[in-house]
2 protein chains.
Amino acid sequence: MYQLARGMPECKRLHIAAGVVTSGHQRADGDAVKRGSSTKTAKLADVARLSRVSTATVSRALTLPHKVKPATAARVNQAVETLGYVAHGAARALASRRTRTIGAVIPTLDNAIYAKTVQALQRTLEQAGYMLLVASHEFDAAVEVRVTRTLIERGVGALILLGTTHDHGLLRMLAAHQVPYVLIWSLDASGRLPCVGFDSRAAGERIARHLLELGHRDIAMISGITAGNERASERQQGVRAALAGRGLALPRERVVEKPYTLQAGREGVRELLAAGPAPSAVICGNDVLAIGALSECRERGIAVPGQVSITGFDDMEIAAVVTPALTTLRFPAEDLGALAAQHLLARLAGREVEMRTELPVELVVRESTAPPSK
Amino acid sequence: MYQLARGMPECKRLHIAAGVVTSGHQRADGDAVKRGSSTKTAKLADVARLSRVSTATVSRALTLPHKVKPATAARVNQAVETLGYVAHGAARALASRRTRTIGAVIPTLDNAIYAKTVQALQRTLEQAGYMLLVASHEFDAAVEVRVTRTLIERGVGALILLGTTHDHGLLRMLAAHQVPYVLIWSLDASGRLPCVGFDSRAAGERIARHLLELGHRDIAMISGITAGNERASERQQGVRAALAGRGLALPRERVVEKPYTLQAGREGVRELLAAGPAPSAVICGNDVLAIGALSECRERGIAVPGQVSITGFDDMEIAAVVTPALTTLRFPAEDLGALAAQHLLARLAGREVEMRTELPVELVVRESTAPPSK
DNA sequence: TTGTAAGCGTTATCAC
DNA sequence: GTGATAACGCTTACAA
């Protein structure tokens, strides 16, 4: 019914608890909890009846308390309490034409950097009385269009889209439905789309320049998959640009593209070594790849940083703990989330905002690893 | 406006890009994208008019395609296409009394294990045509009640709650509104609440027994914060039970409770060492604490596993890469998410389900680290 | 197979 | 301040 162990062949494993399931096939409903007295859910009219006012007044008492006499408000609240009344969101949304919901479309939550972004978005929006509706597409453009449509259908008042690469119809759809949106993580090159993010290309240049300044000349890269992911491709472009500035290139055999997993980081090192002699430094598309790469180097007896310098992008607190050999470029996802949420809230409130907000990235150097002198 | 660097004092840091923001204060709305031809959003009636059928038929064509003549369905779809029609979810929910939405209440997404769980839930539910509405409470019980109420208001058809420790009123509220729910990650001790999760107590016992079998007798623990978190407290209880089985105890000075952060893991080691001689093994409440603990040991020149054996709970692929000295107890969050979603879907479909599903946990031994012989 | 029309539970516009 | 009442956009008997 569900998988137990996935591959991790290098480890000895002992299983405990063999998928125990209690029997009985009971209907697992709430008979363990007493039902409320009435079987039907209370509605606004019930509250109105009990508090001897009209539904209009109840509605006001609930959403604009200052517009009713304190005494009435109290009676209404009392009734709400005793009936356990909870508003019907759909009805409310239909009548008021507002849902106080904002949607976010991201690749996946199974990546710390995106999960952190979402958590920050959620926190900021919730404080402002909005709810965040998250949808992930797992790097499938078609799915992205589908889930975005679903969010619009759900009546989101605004949308947060991760990245600047999107199906053209997607943006048209947003325009047609007049859904305000903001792109995050990347910056729109055309300068015409609202965005708050990082300059990935500059980041790539920065990290490569750092290595160049240390004296590295033979640099390789384990990049993320660039197709449909401008963050990954821009980082790579930046690296190439920095190298080009010194008359260097990133030849075919010095670049591999991999998904963001540890295993891929290991494979990356293997493939680079299979394709040629060890480079003096490897730039990894993100922290996860970098950790995987480090591990593979260790297993192969390559002293890091003695022989190879590993460098990565993204926030990597773990890396700081793990090894002194890693330099990373940190993208503060929490700040990004908070800022993006504020951007949208401001626009929804009719305030003027910057079209484009660039967040700073910081280079975290754990140890200066010059290449071995030849 | 937003924070730049947070503390990471042990690293040299260079800043690049100083919060650049383009000026102009333009209204960041979609003037970059052409608006659809009509300014008002198309509704069902518009589609009906264009396709020359009644709204009822359009509705059927859209939700029960097999109930209309293929030719009409085609006309309707054509109209939908040309108008860029997207259903109004609130209206639909109000009329049909179903939202095809399921809610999940979790502590935070900023924890890989919960984020993974949510991602798995989302994937499974989306395949079944449901949308997942996520709310996090960041370990605040009052917030949990509030967000749960919001979810009910939003009309979720069912709810997934993380953990078994909840405000009593919360469960009553669910019963009153007849919202089916399932508790995940932990197993309800009373056996009366539907749940799918792991046996944390058994897990604690198992990991402690593992160390005992290796010959460790002086065991310490860096536990998670146990207040309001039965996962953490049950793990600790299990450890105590295993020790008690050998006539051993976990005295005050051998336990510290910490939040799940790397820094806390470091502090944990410091506090344990300040309170007494080094234990031969440390059990950590989760992987993050364990990595932090490992790092502190290294910095202090404590050879791991030479002198201290570090052991942790949770899935920790990173740990496997980082060090051979760590043993972990793996909780497969993806399986949990998928299973929990299936449980709820089955119930919504009126099928019988197990009240209680226990998932297996597995011990991943990276190296057998016996204590140094005294 | 399709159309008619009565809701669904709120909010919002008026009067009072 | 409060009360009628008409929307809001869709689904779904019931009829045809």
Side-chain angles (χ1 to χ4, degrees), chain A residues 38 40-77 79-80 83-101 149-150 152-157 177-178, chain B residues 38 40-77 79-80 83-101 129 150 152-157 177-178:
Chain A
S38 70
K40 270 202 63 63
T41 311
K43 43 205 250 189
L44 198 65
D46 299 325
V47 179
R49 201 171 310 123
L50 185 58
S51 43
R52 312 191 148 285
V53 292
S54 69
T55 58
T57 300
V58 176
S59 176
R60 284 189 287 254
L62 262 29
T63 50
L64 317 156
H66 59 281
K67 304 283 281 181
V68 303
K69 201 156 50 179
T72 347
R75 281 222 313 291
V76 169
N77 288 325
V80 164
L83 291 174
Y85 170 76
V86 171
H88 189 298
R92 174 173 279 188
L94 181 56
S96 70
R97 311 160 115 333
R98 310 177 285 107
T99 59
R100 289 197 80 76
T101 298
R149 171 182 300 275
T150 305
I152 292 179
E153 202 168 310
R154 288 306 217 261
V156 295
H177 290 268
Q178 315 191 54
Chain B
S38 71
K40 268 203 64 62
T41 314
K43 42 207 250 190
L44 198 66
D46 299 324
V47 179
R49 199 170 312 121
L50 185 58
S51 44
R52 311 192 149 284
V53 292
S54 69
T55 59
T57 300
V58 175
S59 175
R60 285 185 207 110
L62 261 30
T63 52
L64 317 156
H66 59 282
K67 305 283 278 184
V68 303
K69 201 154 50 177
T72 11
R75 279 222 313 290
V76 170
N77 288 324
V80 164
L83 291 175
Y85 170 75
V86 171
H88 188 299
R92 174 174 279 186
L94 182 56
S96 68
R97 311 157 113 343
R98 308 178 288 106
T99 59
R100 289 197 82 76
T101 297
T150 305
I152 292 179
E153 202 168 310
R154 287 303 215 268
V156 295
H177 288 268
Q178 313 191 57

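Computed from a predicted model, the values in this text were never measured in an experiment. By convention in this document, chain letters (A, B, ...) are assigned in the order of the sequence lines, proteins followed by strands, and residues within each chain are numbered from 1.
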Colleague: Under a 4.5 Å cut-off applied to non-hydrogen side-chain atoms, are A/Asn77 and A/Leu62 in contact?
Modeller: yes

Colleague: When you measure from the side chain of A/Thr99 to the backbone of A/Gly155, do you find a donor-acceptor pair of N or O atoms at a distance under 3.5 Å?
Modeller: yes

Colleague: Which listed nucleotide (C/dT2, C/dG9, C/dA12) is nearest to the side chain of B/Thr57?
Modeller: C/dT2

Colleague: To the nearest Å, how far apart are B/Arg75 CZ and C/dT1 C1'?
Modeller: 12 Å

Colleague: Strictly below 4.0 Å: does B/Lys69 bring a side-chain N or O up to OP1 or OP2 of C/dT1?
Modeller: no

Colleague: Within the structure provided, determine whether B/Arg154 and B/Thr101 are in side-chain contact (heavy-atom separation under 4.5 Å).
Modeller: no

Colleague: Whole-Å distance between C/dT10 C1' and B/Arg154 CZ?
Modeller: 14 Å

Colleague: Less than 3.5 Å apart, which donor and acceptor atoms pair up between the side chains of residues 65-73 of chain A and the rest of the protein, not counting sequence neighbours?
Modeller:
unit_1	atom_1	unit_2	atom_2	d
A/Thr72	OG1	A/Lys69	O	3.0

Colleague: When the distance from CG of B/Leu44 to C1' of C/dG7 is rounded to whole Å, what number comes out?
Modeller: 16 Å

Colleague: Which nucleotide of DNA chain D is the first, and which the last, in the 5' to 3' direction, to come under 4.0 Å of a heavy atom belonging to chain B?
Modeller: D/dG9 to D/dA13

Colleague: Counting only side-chain nitrogens and oxygens, does B/Thr55 get under 4.0 Å of the OP1 or OP2 atom of C/dG3?
Modeller: no

Colleague: To the nearest Å, give me how far apart CZ (B/Arg97) and C1' (C/dC8) are.
Modeller: 6 Å

Colleague: Let me spell it out: for each of A/Leu64 and A/Lys43, pick the nucleotide of DNA chain C with the closest heavy atom. Which residue's pick is nearer the 5' end?
Modeller: A/Lys43

Colleague: Rounded to whole angstrom units, what separation is found between the CG atom of A/Asp46 and the C1' atom of C/dT10?
Modeller: 13 Å

Colleague: Are the side chains of B/Val47 and B/Leu83 in touch, meaning some heavy atoms are under 4.5 Å apart?
Modeller: yes

Colleague: What integer distance in Å separates B/Lys67:NZ from C/dT1:P?
Modeller: 8 Å

Colleague: With a 4.0 Å limit, can you tell me whether A/Arg92 has a side-chain N or O closer than that to the phosphate oxygens OP1/OP2 of C/dT11?
Modeller: yes

Colleague: Describe the nucleic acid contact of A/Ser96 in one word from base, sugar-phosphate, nothing, applying a heavy-atom distance below 4.0 Å.
Modeller: sugar-phosphate

Colleague: Do A/Thr63 and A/Arg92 have a side chain donor and acceptor closer than 3.5 Å?
Modeller: no

Colleague: Nearest of C/dT4, C/dG7, C/dG9 to any side-chain atom of B/Ala95?
Modeller: C/dG7

Colleague: Calculate, to the nearest 0.5 Å, the distance between atoms CZ and NE2 belonging to B/Arg97 and A/His88 respectively.
Modeller: 6.5 Å

